[in-house]
There are 2 protein chains.
Amino acid sequence: MATTAPNESTRAPVTRESAVRAAVALADRDGLDSLSMRKLARELGIEAMSLYYHVTGKDDILDGMVEVVVAEMALPADGANWKAALRDGAESARAVLGRHPWAISLMDSRTTRATLNHHNAVIGCLRNAGFSIGLAAHAMSLLDSYVHGFALQEASLPLDESGDIGAATEEIMGRQDLMAEFPHLSEMAVAHILQPGYAYGNEFRFGVRVILDGLETALAADAATASRGRL
Amino acid sequence: MATTAPNESTRAPVTRESAVRAAVALADRDGLDSLSMRKLARELGIEAMSLYYHVTGKDDILDGMVEVVVAEMALPADGANWKAALRDGAESARAVLGRHPWAISLMDSRTTRATLNHHNAVIGCLRNAGFSIGLAAHAMSLLDSYVHGFALQEASLPLDESGDIGAATEEIMGRQDLMAEFPHLSEMAVAHILQPGYAYGNEFRFGVRVILDGLETALAADAATASRGRL
DNA sequence: GAACACACCTTACATCGTATGGTACATTCG
DNA sequence: CGAATGTACCATACGATGTAAGGTGTGTTC
């Protein structure tokens with residue numbers, strides 16, 4: 001790894017891109033809150049203010065980080081099977097956001113070329129599959145909201161390093177007062193979440209399937225309405 | 001309005017609750033980023049450090065803010081019609097998060113009694129409707145992820161004060177380079193989003209309907225499987 | 001009238017983003 | 001060849017932030 005500051009006399013000049021990549025690595029490791037211009041500079045082997053030679057400010061770095069993350073997401077493949085394409089795209093997005101949890105809220109609050117490109121591709125996939133403009137808007141909103149929302153929930157789960165949710169749930173459920181106050185939650189914890197083999201990530205496949213099946217139904221209904229209108 | 005600092009000689013003592021309520025109001029007005037202990041104290045007519053007599057720190061205030069917001073959300077009514085109950089609950093949650101956009105990411109990163117209570121009620125509603133534990137877990141994850149994700153997207157849309165998205169879209173679409181680079185997006189903007197009467201909030205109803213219909217299908221399939229197993 | 005709790009304050013520190021104004025070295029140009 | 005220009009960096013400083021440490025004054029209670 002060459003991410004830590006090498007000998008300063010031989011170091012290649014910092015660029016906007018290397019700064020952004022270092023910032024992503026830092027946020028991945030320590031979280032977005034502890035990403036500061038000073039720490040980032042130290043990581044790059046320079047002083048904080050030297051960063052301002054390469055970027056216009058911290059916002060510029062955050063924008064760059066979003067671009068990096070969105071670029072990691074696979075665009076929906078175009079082809080006959082729109083459901084498979086969107087499913088794979090959703091899985092890819094979720095995996096990427098799982099690797100970069102800090103990016104979730106960042107993504108939605110910044111408009112970058114990468115994001116526009118991604119949206120464009122999704123709309124293209126839907127339009128090719130026969131979705132009307134309005135239905136495509138509905139579909140993209142639904143799917144994106146779900147993916148981002150799931151990533152948000154998943155990111156803030158108290159998972160231990162093995163992705164296991166059990167420890168934290170056990171801790172909560174160890175409190176008898178809470179068990180009594182929230183019986184349904186307790187039942188779900190002991191009878192389902194604490195069972196061996198449970199992983200919250202698996203809920204995602206169910207959600208995507210329900211949504212895509214629902215969209216397929218809506219598409220068929222829309223087509224029927226449209227063809228009736230044509231008679 | 002009595003939120004600004006009144007005459008200090010007659011002011012009622014600050015409490016944890018009044019501090020939290022003032023913090024919510026401040027975050028609603030100026031955003032979460034500009035909520036600082038000093039500004040909050042000024043709003044309350046005291047000095048920053050005096051807040052520490054009532055709360056243990058800023059985290060304590062953030063926890064309190066989440067409780068306030070979650071408490072504003074209607075719990076799903078129990079009764080025969082689980083779909084209507086969950087739909088109304090979802091609409092309520094979305095409306096609340098629309099009023100307090102800063103709460104979205106805060107909610108998912110903190111475990112409060114109010115949140116546990118809400119989850120418990122949703123599970124109860126599903127279980128009463130005949131959902132198995134596993135299917136209820138699926139359903140709650142799906143619905144919650146969607147609602148939070150939608151709120152997140154809606155919160156970060158560049159809406160003007162009338163809730164209109166047109167201005168920002170027009171600004172982007174005014175750039176010919178982007179129009180050419182993202183044709184599907186452009187088409188959606190000019191042919192759909194910029195049309196009079198379009199409001200992004202309306203996408204929510206569609207999403208909730210698709211999800212609830214999908215859950216109903218899954219419930220029926222689950223019941224069929226279970227009864228086959230009983231034969 | 002002494003002890004005490006309550007509600008507040010002052011000062012101070014490390015850390016944050018960044019405005020301002022340098023410095024050392026490389027390349028280009030007259 | 002010397003001067004000008006541009007590149008990549010640095011030092012200092014300012015006003016914010018959260019909060020630790022240690023007062024101050026005004027009740028209320030024995």
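Per chain, numbering begins at 1; letters A, B, ... match sequence-line order.
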- Message: Which residues pass the side-chain hydrogen bond (donor to acceptor under 3.5 Å, both in side chains) test with A/His148, not counting sequence neighbours?
- Response: A/Asp108, B/Gln153
- Nearest to side-chain heavy atoms of B/Ser36, which nucleotide of C/dC6, D/dG18, D/dC10: D/dG18
- Note on the structure: Whole-Å distance, B/Lys58 NZ to D/dA20 P, equals 14 Å
- Message: Distance check needed: D/dT17 C1' versus B/Arg42 CZ, whole Å only.
- Response: 12 Å
- Message: Need one value for B/Ile61: base, sugar-phosphate or nothing, where a base atom within 4.0 Å counts as base even if backbone is also close, heavy atoms only.
- Response: nothing
- Just how far, in rounded Å, is P of C/dT15 from CG of A/Asp30? 15 Å
- Note on the structure: Winner on side-chain proximity to B/Ile46, out of C/dT18, D/dT19, C/dC8, is C/dC8
- Query: To the nearest angstrom, how far is B/Tyr53 atom OH from D/dT19 atom P?
  - Reply: 19 Å
- Length of the CE-P vector between A/Met37 and D/dC10, whole Å: 14 Å
- Query: Side chains of A/His100 and A/Asp28: does their closest heavy-atom pair fall under 4.5 Å?
  - Reply: yes
- Residue among A/Arg29, A/Arg38, A/Arg21 satisfying salt bridge (charged side-chain N to carboxylate O under 4.0 Å, His left out) with A/Glu43: A/Arg29
- Counting distance only, does the side-chain N/O of B/Ser18 pair as donor-acceptor with the main-chain N or O of B/Thr15 below 3.5 Å? yes
Which atom pairs, one a donor and one an acceptor, fall under 3.5 Å between side chains of residues 56-66 of chain B and the rest of the protein, sequence neighbours left out?
| unit_1 | atom_1 | unit_2 | atom_2 | d |
| --- | --- | --- | --- | --- |
| B/Lys58 | NZ | B/Leu35 | O | 2.8 |
| B/Asp59 | OD1 | B/Arg110 | NH2 | 3.3 |
| B/Asp60 | OD1 | B/Arg16 | NH1 | 2.4 |
| B/Asp60 | OD2 | B/Arg16 | NH1 | 3.4 |
| B/Asp60 | OD2 | B/Thr56 | N | 3.1 |
| B/Asp63 | OD1 | B/Arg110 | NH1 | 2.8 |

- Would you say D/dA8 has OP1 or OP2 under 4.0 Å from some side-chain N or O of A/Ser50? no
- Query: Which comes earlier along DNA chain C counting from the 5' end, the contact point of A/Arg38 or that of B/Glu47, where each point is its nearest nucleotide?
  - Reply: B/Glu47
Enumerate all atom pairs, one protein N or O and one N or O from nucleotides 19-21 of chain C, separated by less than 3.5 Å.
none

- Message: Tell me whether the side-chain N/O atoms of B/His54 come closer than 4.0 Å to OP1 or OP2 in C/dC6.
- Response: no
- Task: Determine the contact category for A/Leu51: base if any of its heavy atoms lies under 4.0 Å from a base atom, sugar-phosphate if only primed atoms, P, OP1 or OP2 are that close, otherwise nothing.
- Result: nothing
- Atom CG of A/Asp33 to atom P of C/dG17: distance rounded to whole Å? 11 Å
- Taking CG from B/Leu44 and P from C/dA7, how many angstroms apart are they, rounded to a whole number? 14 Å
- Task: Let me see the working for A/Phe204 and A/Tyr146 under ring-ring contact (aromatic ring centres under 6.0 Å, His included), right down to the final yes or no.
- Result: CA-CA 9 Å; A/Phe204 189 66; A/Tyr146 175 62; 5.5 Å; yes
- Item | Side-chain donor/acceptor of B/Ser50 to backbone N/O of B/Ile46, under 3.5 Å | no
